[in-house]
Amino acid sequence: MYQDRSLKMSDDKVLVSHILGTHNPHGQEVDAKPFLRLLPKILSLGPRGDLSTDTPLIPDAPLHEKLQNAKKDVALLETLLTTIHQTTNKDFQLDKKLKIAKKDADLLETQLYTVNQFTDKDVDFLKNLPSMIDQTTNKDATLLERQFNMIDQTATKEVALLARLLYTIDQTAKKLAYMASSGTKAHLTTVTIFNMLAIYKWGVKLVLTLFAFAWNYGQFDAQTEHGAPLKPQFNILKDLIGTALEVTHCVIEFNELPSKYITLEVPALSSAMAQIPSAAYWTVRSIVVCTYQIVSFNSKGYEFALSTTEAWEPSTLALKLKIILEDLRKKMKDCIQYIEERKHVESDQMLVKPYQMLVKLFTMIHIDNIKVLKALICPRDDVLALVDGTTKKRVNLDVLRRKNVLLLISSLDITQDELLVLEYIYNEPRLHEMRLQNPYEIVWIPIVDQLTDVKQRHFEVLQTPMTWYSVYHPSIISKASVKFIREEWHFKNKPILVVLDLQGRVVSPNAIHMMWIWGSHAFPFTTLREEALWREEAWRLELLVDGTDATILNWIKERKYIFMYGGDDMEWIRKFTKEAKAVAAAARIPLEMVYVGKATKKEQVKQVRANIAREKLSTCWQDPTTIWFFWTRLESMLFSKIQLGKDVEHDLMMQQIERVLSFDREGTWAVLSRGSSVLAKEHGNILWSALFEYDQWKKNVPLQGFDAAFQNYVASLRGNSPPPCCRFEFSHYDGKIPENMKCPECHHCMEKYTTFLCCHDEGIVQAYLH
């Protein structure tokens, strides 16, 4: 019997000590991965890890029948060998070695298939060889000769190494089969295998042993012969071999960890390397036991399945290997984390000097802006770093010399709404004389951490319609520049607009809010200009809708009453519009109404717009970009006030802006104006009640006028019911967030919370609520 009961499986130290003395790795380095990639195919397990119990572990026919598809690769290899011989006039002797190997037909199939795995790089070289010859013939014949010699030497060495490995595999396979047939104890056979493979590293030992085992599998037809009764035993073996493959992969991965970033001083690696001999022992022993079981299946068949008492060992070994595998994987995870941390530290250290150079450069005085633009975007003079959005041709950074430059910095998540509005603002002054008076250019700088094929295509989709300048490829932005942009200009993936003057000085670290509020009229986008523009503004309807809807501006000129309302409660909208029309008719006032949606919940707003249009309740903005821009401008107004250090308690306009934004967060709302003058702005229920109860205050209209009578009644309703909670959402990515705020309703200090918000239809997390 092959079971060695004198050695308990838990005595790892005793068992492993028998093989540590045999371990003497030396000689030529061996890449075992090509063999490892072949193993699942030869074992008929499919791709790595495909261990379905429906997949046969033992092939239905000898191995050479399973490798018929490799003959195409063999023919290709022989053609390539002929090409090398004819092209270089060298005698590689490879075909001669292959002819000798043909004494064993089955071995030849495996050898040729494996040669293909080892010589892929030479095949790739040969594909380019004619072009290389053509280019080199008249230039450097000596160089070409060296290339030929390199191919000659590499191919000769690899084929010689391959021959030795295949010989070793063949001998190991024979030894396994012999000792299994003779009933040798499993431990003794395991030690014998390690003696045969003494000169190889642990991972290579495991690969060669598995390959030898796979070679033996092709000699057996037990599954077909004995049928279903043995299926449970076969499934156990499949599980054991699959686990052995995984352990082998893991051991090889440990050997390939980069010594530049991790050494044996790291506990996770040192512990893993100390555990690998034990893992290797139990893996090889598992292979030995599987071989023994197959021999027993073939010799005893169905009786073996019913009578043997040794069937427990494969299951126990599989459990032990899984425990070892789980432990090694945990240590591998720790090692990879350590390596990533080291790489991150190394990357940060490499960025210190160029980052500090950028910081210093932006504090210096320059004649023009080219020096800072080159340092930030691309320092090489021979690279056409930009794409002109008008001509779609690549141009040099010199086209920006002594111009005001607005750096549009964003991730690839910049929205079409943002791009469409910005394009309108950018192109509008170019239709007038303003461009000549106040020249500025926009340059798009995309920040992409890891550029994939998908992200590359997305970049191209975003770049193509742009009418301004953009960097020709995200990769030209250095890591130091990205670090500078993130840390000095506080870029957090949401678009920012950094303004540089003619000398490259930063006049605004983020003028995006000014751009949304006033467009190009905010030029040159300085803080002084921002304060001057606010001094020109007043709380009027034009402030809310300027640049958004020309129709409303016409209503304002005609001195009409205008209800702007929002929310997503369809029932309230039906009641509100009905009562508003009734009051307007009774009071004989010219009334217009427009639905402006919500800052979020795009899908719900889309449905509401469709209902309003179908039922003809009022005017509504059908373009989603218009709705987005309306709310973005309002939020930008608040951010602008905050960045200027304004206090809501002493800034009346800031109070009004905050109230409208708060209304949107709480539900339905409306603003009533007469021409430019805003008469009332309230929560939806209060305004609906005022309209619904028109009979109670209409007697005051002849005395006070409609405007005053309506305002007084709304104020009375508001005084009789406490206002709902007031809240504001500030995106973590939008820049400066106030440490504290006072409520625009009661002027008490507001409590500060953190909320994670996802509106689903937006596709990404839009904001964090503070």
Side-chain angles (χ1 to χ4, degrees), residues 417 420-421 424 516 539-635 656-657 659-661 663-664 667-692 694 706-707 710 714:
D417 290 334
L420 286 172
V421 174
Y424 172 79
W516 296 146
W539 179 243
R540 52 184 183 159
L541 198 59
E542 286 95 333
L543 177 64
L544 296 180
V545 300
D546 187 31
T548 304
D549 190 339
T551 301
I552 296 180
L553 296 178
N554 290 331
W555 293 342
I556 292 173
K557 292 177 183 178
E558 296 169 4
R559 295 281 296 163
K560 288 186 175 183
Y561 287 88
I562 304 167
F563 257 131
M564 293 180 59
Y565 67 96
D568 59 354
D569 185 343
M570 198 60 222
E571 287 304 312
W572 177 88
I573 290 172
R574 290 188 179 103
K575 293 192 302 180
F576 172 75
T577 53
K578 176 184 176 182
E579 294 302 328
K581 290 175 183 178
V583 170
R588 297 182 180 179
I589 60 173
L591 176 66
E592 301 288 351
M593 293 184 289
V594 60
Y595 174 70
V596 299
K598 286 182 65 68
T600 56
K601 299 185 178 180
K602 288 185 177 180
E603 286 304 314
Q604 291 92 322
V605 169
K606 182 179 179 181
Q607 294 175 4
V608 170
R609 293 199 329 262
N611 290 335
I612 291 173
R614 184 175 60 254
E615 299 175 29
K616 299 180 180 180
L617 301 179
S618 74
T619 301
C620 63
W621 290 336
Q622 292 298 329
D623 184 5
T625 300
T626 303
I627 296 175
W628 171 86
F629 186 47
F630 172 80
W631 290 106
T632 298
R633 283 187 75 250
L634 270 179
E635 291 171 353
Q656 312 305 327
I657 295 167
R659 287 198 70 199
V660 175
L661 288 171
F663 293 161
D664 179 60
T668 56
W669 61 275
V671 171
L672 177 64
S673 72
R674 184 179 183 183
S676 294
S677 303
V678 176
L679 303 179
K681 54 189 179 308
E682 274 299 343
H683 297 282
N685 288 333
I686 290 179
L687 285 180
W688 175 80
S689 296
L691 295 171
F692 183 71
Y694 174 65
F706 181 86
D707 299 1
F710 181 73
V714 168

Can you tell me how far [atom2] of [Y] sits from [atom1] of [X], rounded to the nearest 0.5 angstrom?
X: Leu541; Y: Ile556; atom1: CG; atom2: CD1; result: 4.0 Å
X: Asp664; Y: Trp669; atom1: CG; atom2: CH2; result: 7.5 Å
X: Asp568; Y: Lys598; atom1: CG; atom2: NZ; result: 5.0 Å
X: Leu661; Y: Leu634; atom1: CG; atom2: CG; result: 5.0 Å
X: Ile589; Y: Arg674; atom1: CD1; atom2: CZ; result: 8.5 Å
X: Asp569; Y: Arg574; atom1: CG; atom2: CZ; result: 9.5 Å

Listing request: all side chain to side chain donor-acceptor pair (under 3.5 Å) pairs with a residue in residues 576-596, at least two apart in sequence or in separate chains.
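Pairs touching residues 576-596 that pass the test: Lys560-Glu592.
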Over 60° means perpendicular and under 30° means parallel, so classify the ring planes of Phe706 and Tyr694, tilted if in between.
tilted
Any side-chain heavy atom of [X] sitting closer than 4.5 Å to one from [Y]?
X: Thr668; Y: Ile573; result: no
X: Lys606; Y: Ile627; result: no
X: Tyr561; Y: Ser673; result: no
X: Trp539; Y: Leu544; result: yes

If we ignore hydrogens and angles and just use 3.5 Å, is the side chain of Arg609 paired with the main-chain N or O of Asp623 as donor and acceptor?
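It does not hold such a pair.
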Could you check Phe630, Tyr565, Trp631 and say which one makes a ring pair (Phe, Tyr, Trp, His ring centres under 6.0 Å) with Trp621?
Phe630
For the rings on Trp516 and Trp628, is their centre-to-centre separation under 6.0 Å?
yes
Can you tell me if Lys681 and Gln656 form a side-chain donor-acceptor pair at under 3.5 Å?
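There is such a pair (donor and acceptor under 3.5 Å, judged by atom type) between the side chains of Lys681 and Gln656.
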